[in-house]
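Have a look at the structure below, then the notes.
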Amino acid sequence: MDINPIIAPLNDAQREAVTAPSQAMLVLAGAGSGKTRVLVHRIVWQIQVNDVSPQSILAVTFTNKAANEMRGRIETLVENNASAMWIGTFHGIAHRLLRRHAEQAGLQKNFQVLDSNDQQRLIKRLLTDLNIDEKELPVKEIQWFINEQKDAGLRCKDLLETTDNNTRRFLQIYREYEIRCERSSSVDFAELLLRVYELLRDNESLRTQYQERFSQIHVDEFQDTNHIQYAWLTLLSPNRDNMFVVGDDDQAIYGWRGAKIENIYKFQQHYPNHKVIKLEQNYRSTSTILKAANKIIANNQGRIGKSLWTEMTEGEKISVYAAYDEVDEAKYVVERIRNWVAAGNKRSDVAILYRSNAQSRQFEEQLMLTQTPYRVYGGLRFFDRAEIKNALAYLRLLETPDDNVSFDRVINTPTRGIGLKTMDELRQCAAEQQVSLWMAATLLLTQQRLPNRAANALVSFLHLLEQFERKTVGLSLSEKVHFVIEHSGLMAFYNQDKVEKSAEKVENLKELVNAAESFKYRADEEENASELSAFLSRASLESGESQGDEFDDCVQLMTLHTAKGLEFRVVFLVGMEEDLFPAQQSKSNAGRLEEERRLCYVGITRAMEKLYLSHAEKRFLYGRETSSSKSRFLGELPKELLEEIRPKREVSRPITAKSPTFSTFKLPPEIQSEGKYKKGQHVSHEIFGKGIIGNVEGEGKTERVFVKFREDSRWLLTAYTELTIL
DNA sequence: TTGTTCCAGCTTTTT
DNA sequence: GCTGGAACAA
């Protein structure tokens, strides 16, 4: 066996981790220190050198992206068949186990996975039924409560002792929620984890079976695990020292979501014979950037402590730009980007990072004005879009007509004359008879308890479902999807002119058919669930991140959270102002403030060569002008690393353009237009006066032009606007 | 039952 | 400033 390819690319610390004998291992991996590489090489080492069977490998990550990347990298290094390894997200692996052992876990074989959207709808429904005022108890709060309890491993019955009145109130709803999930045989995200925990805890033979099977357990981003995740990991690895976890306490930025950094300390107590290896050599950033990062994070208390070093050159100083306002800030950033690109560099090597999504707008506008292709990450994901969720709901009903969440969702989408009144009848009947809405509908109809109009509408809906079931037998998955989209009336509904962004929605529905077409169904990995059901689960569990189309060469815009795990040659960290970053809501609490600081650390360490920091003296926030002071994080950086940029005060009139509302995913790189308007043309408008066309998009009815007028700039639909070409 | 208008509220996000 | 939800009118 030639072990060279496995260990040659590693430094001493990395090699020590990769080749260590099987034991509990905690690898503290600083930013840019080769964390994924260690994980990948460790697994390959176990398989190829220690003859561990791929079957015995379990590797858990947080995102599908990380899981896919890991699998891909392992497969290029290993000749063996890697598909026998279980590599996936916590939720993905939990889902697989539950499909496999549905019965023992107390679930129906065809259980559904609710995403947080579905969960919200279910809670909302429940509140109305219980006559609870949403103003008093907001859905979000209840959702948060339920998930928090589940993440802590607590069911209703575990909380019965509570005397606090407020909690008791929540508890009553939690109980009802449990009942409804049971009845519609659905499982939310937190439930996936909790169920698996209980399954393993209460079922000794199963537990032993998996303990023996997974002789090597690997965990990525360990600092982000929550209570229940940690609990089921330890169930799988009770006293055998076979857990290899990688993490960085300085990059824990998901505390607000229930992640517990303390799991790192817990791990150390739980496995007294564990070994700690620190990866402190950074291969990413210049020493200037690294010094800044070390300085910032040193302000946090109670760190495990590590200090990154690099062999890289000093590099350029960090530029700090004090902008006049948010427009000035955006202009500055975009100008620097244009210079960078003009010098022959790639746009995709540049990232603009901000604390909150709302901040992207100004940058988008400037990028658009200058015709710079860009891509915004985040926002609505593919499978979260309403039109897609509706289509999926029809498909779910095809699989399980008793699925109340889906039934409720599409019974009147598109509208077919089934209104609140009829729905009330249905729900009441369902509650009385303890049956699903679908059953209740059948009951009500056979008993002829509905007025004619409502009855007819309901019959037509039930017919539709019946038709789906009969006519899709034998069709392929994508044909099924196509059939349902067409015959449900969804396609026609979204194709109407009056529907906003109609073209985009129609496009998305077509894309869903494509997604079904390219869906890779592997019966064994899906534990023999039907192809359709596997597709639906996948839709819930992967809300459609990185929807395939990587755009050629775009500037990258994203939040600091999204940027974790990525790197860019040039990084703009914008909006460095108190109350924005650190966020105002996080300032009251020392712990949360430290999390903001870690976020800042994450941001800084994304940069490889050049880091720009910027802040504005005033900006529009929530439609109001607010003046802002520099972020405290700026003050924590040593002066000698910084280079202050004086703003050129040629006070530019603030441009208040209408927000462009195109798909957040892309700016059409080349603007092709057959219409009479072209960019650069001088035009005149009755009200706004003279202006210059900055961009043209779409054609026919949807053609619109971005015009820079003297007073402001805006998008105009040419179909409705008179513009005179000068 | 459906479509329109008005008003409050607002981090971060994966699964 | 924008969005979603609730109250309204048709």
Side-chain angles (χ1 to χ4, degrees), chain A residues 60-67 88-95 113-120 124 128 133-135 138-140 147 150-151 187-193 221 224-226 228-229 253-259 326 353-359 361-362 377-381 383-384 386 412-423 451 453-454 457 498-500 537-545 558-565 575 579-587 592 595-596 598-600 602-603 619-625 656-661:
Chain A
V60 205
T61 63
F62 275 84
T63 66
N64 290 297
K65 197 170 155 205
T89 62
F90 275 100
H91 293 86
I93 283 166
H95 175 251
V113 180
L114 300 180
D115 65 21
S116 43
N117 234 308
D118 301 327
Q119 184 185 36
Q120 238 175 66
K124 192 156 189 178
T128 343
D133 185 8
E134 268 184 54
K135 292 217 175 61
V139 175
K140 285 251 178 206
N147 290 338
K150 288 190 179 183
D151 283 344
V187 172
D188 61 46
F189 286 141
E191 182 77 24
L192 284 170
L193 303 173
E221 305 277 17
D224 287 339
T225 50
N226 66 23
I228 198 76
Q229 287 161 339
I253 54 176
Y254 287 108
W256 51 275
R257 206 165 73 187
E326 77 273 22
L353 308 181
Y354 34 79
R355 176 68 237 267
S356 73
N357 282 308
Q359 287 169 260
R361 252 193 62 228
Q362 292 301 332
Y377 289 75
L380 253 200
R381 267 157 249 273
F383 287 109
D384 283 341
N412 202 31
T413 321
T415 49
R416 47 173 72 87
I418 301 172
L420 288 174
K421 197 101 199 297
T422 318
M423 283 311 289
R453 209 157 72 117
K498 60 174 179 180
V499 174
E500 262 181 282
S537 302
R538 186 84 72 86
S540 298
L541 289 167
E542 296 179 26
S543 36
E545 51 182 314
M558 66 190 86
T559 64
L560 288 159
H561 283 90
T562 313
K564 188 162 97 156
D579 291 348
L580 201 60
F581 188 33
Q584 192 249 329
Q585 297 91 329
S586 302
K587 286 169 61 170
R592 310 196 66 183
E595 185 155 309
E596 295 279 317
R598 291 194 291 270
L599 198 52
C600 184
V602 167
R619 70 169 65 230
F620 269 95
L621 217 54
Y622 306 136
R624 187 169 305 163
E625 192 178 84
T656 51
K658 266 249 161 279
S659 165
T661 46

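Lettering of chains follows the sequences in order, A, B, ..., and the numbering in each one begins at 1. This one's a predicted model, so the numbers in the text were calculated from it and none came from an experiment. Below, each value reflects all heavy atoms present in this structure, side chains not excepted, and no hydrogens, waters or symmetry copies.
- Per the geometry, CZ belonging to A:F189 stands 16 Å off P belonging to B:dT13, to the nearest Å.
- Between A:N64 atom CG and B:dT13 atom C1' the separation is 14 Å, expressed in whole Å.
- Looking at A:R361 and A:E326, no side-chain N of the basic residue comes within less than 4.0 Å of a carboxylate O on the acidic one, giving no salt bridge.
- Residue whose closest nucleotide on DNA chain B sits further toward the 5' end, between A:S356 and A:D115: A:S356.
- With centroids closer than 5.5 Å and planes inclined by less than 30 degrees as the test, A:F62 and the base of B:dT15 fail to qualify as a stacked pair.
- Of the side-chain N and O atoms in A:T562, none sit less than 4.0 angstrom from OP1 or OP2 of B:dT12.
- Annotated as anti: B:dT12, whose O4'-C1'-N torsion sits more than 90° from 0.
- In this model, the phosphate group of B:dT13 is approached by a side-chain N or O of A:N357 to a distance below 4.0 Å at OP1 or OP2.
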side-chain contact (heavy atoms from CB on, under 4.5 Å) between A:K587 and A:R592, worked out: CA-CA 7 Å; A:K587 286 169 61 170; A:R592 310 196 66 183; over 6 Å; no
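- Using a 4.0 Å heavy-atom cutoff across all strands shown, A:R355 reaches at least one base atom of the nucleic acid.
- At whole-Å resolution of the value, CZ in A:R361 and P in C:dC2 are 5 Å apart.
- Residue A:I253 contributes atom CD1, which lies 9 Å from atom C1' of B:dT13 at whole-angstrom precision.
- In this pair, A:H91 and A:F189 present their aromatic rings perpendicular. The plane angle is above 60°, beyond the 30 to 60° band.
- In this structure the side chain of A:T422 never reaches within 4.5 angstrom of the side chain of A:N412, judged on heavy atoms.
- By the salt bridge (charged side-chain N to carboxylate O under 4.0 Å, His left out) test, A:R598 pairs with A:E595, sequence neighbours left out.
- With B:dT13, B:dT11, B:dT15 as the choices, the nucleotide that has an atom nearest any side-chain atom of A:A583 turns out to be B:dT11.
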Output a table of nitrogen or oxygen pairs between the protein and nucleotides 1-6 of chain B separated by less than 3.5 Å.
residue : atom : partner : partner atom : Å
B:dT1   : OP1  : A:G419  : N            : 2.5
B:dT1   : OP1  : A:T422  : OG1          : 3.4
B:dT1   : OP2  : A:K421  : N            : 3.4
B:dT2   : OP1  : A:G417  : N            : 3.1
B:dT2   : OP2  : A:N412  : ND2          : 3.2

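- For the OP1/OP2 pair of B:dT13 and a distance below 4.0 Å, the side-chain nitrogens and oxygens of A:T559 include at least one atom meeting the criterion.
- Summarising the geometry, atom NZ belonging to A:K564 is positioned 8.0 Å from atom CZ belonging to A:F62; distances are rounded to the nearest 0.5 Å.
- Contact record, A:L192 with A:A94: O-CB, 3.7 Å, taken as the closest heavy-atom pair.
- Here the C1' atom of nucleotide B:dT13 and the CG atom of A:D151 are 13 Å apart, to the nearest Å.
- Listed nucleotides: C:dG5, B:dT11, B:dT12. Nearest to the side chain of A:K124: C:dG5.
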CA sep, side-chain torsions, deciding dist, call: A:L599, A:R355, side-chain contact (heavy atoms from CB on, under 4.5 Å): CA-CA 9 Å; A:L599 198 52; A:R355 176 68 237 267; 3.4 Å; yes
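- The residue among A:F90 and A:E595 whose nearest nucleotide of DNA chain B is located toward the 5' end is A:E595.
- Counting to the nearest Å, the C1' atom of B:dT12 and the NZ atom of A:K140 are 12 Å from each other.
- Residue A:Q359 contributes atom CD, which lies 17 Å from atom P of B:dC10 at whole-angstrom precision.
- If you take NZ of A:K65 and C1' of B:dT15, they are 15 Å apart, rounded to a whole angstrom.
- One can find a donor-acceptor pair under 3.5 Å joining the base of B:dT11 and the side-chain atoms of A:R592.
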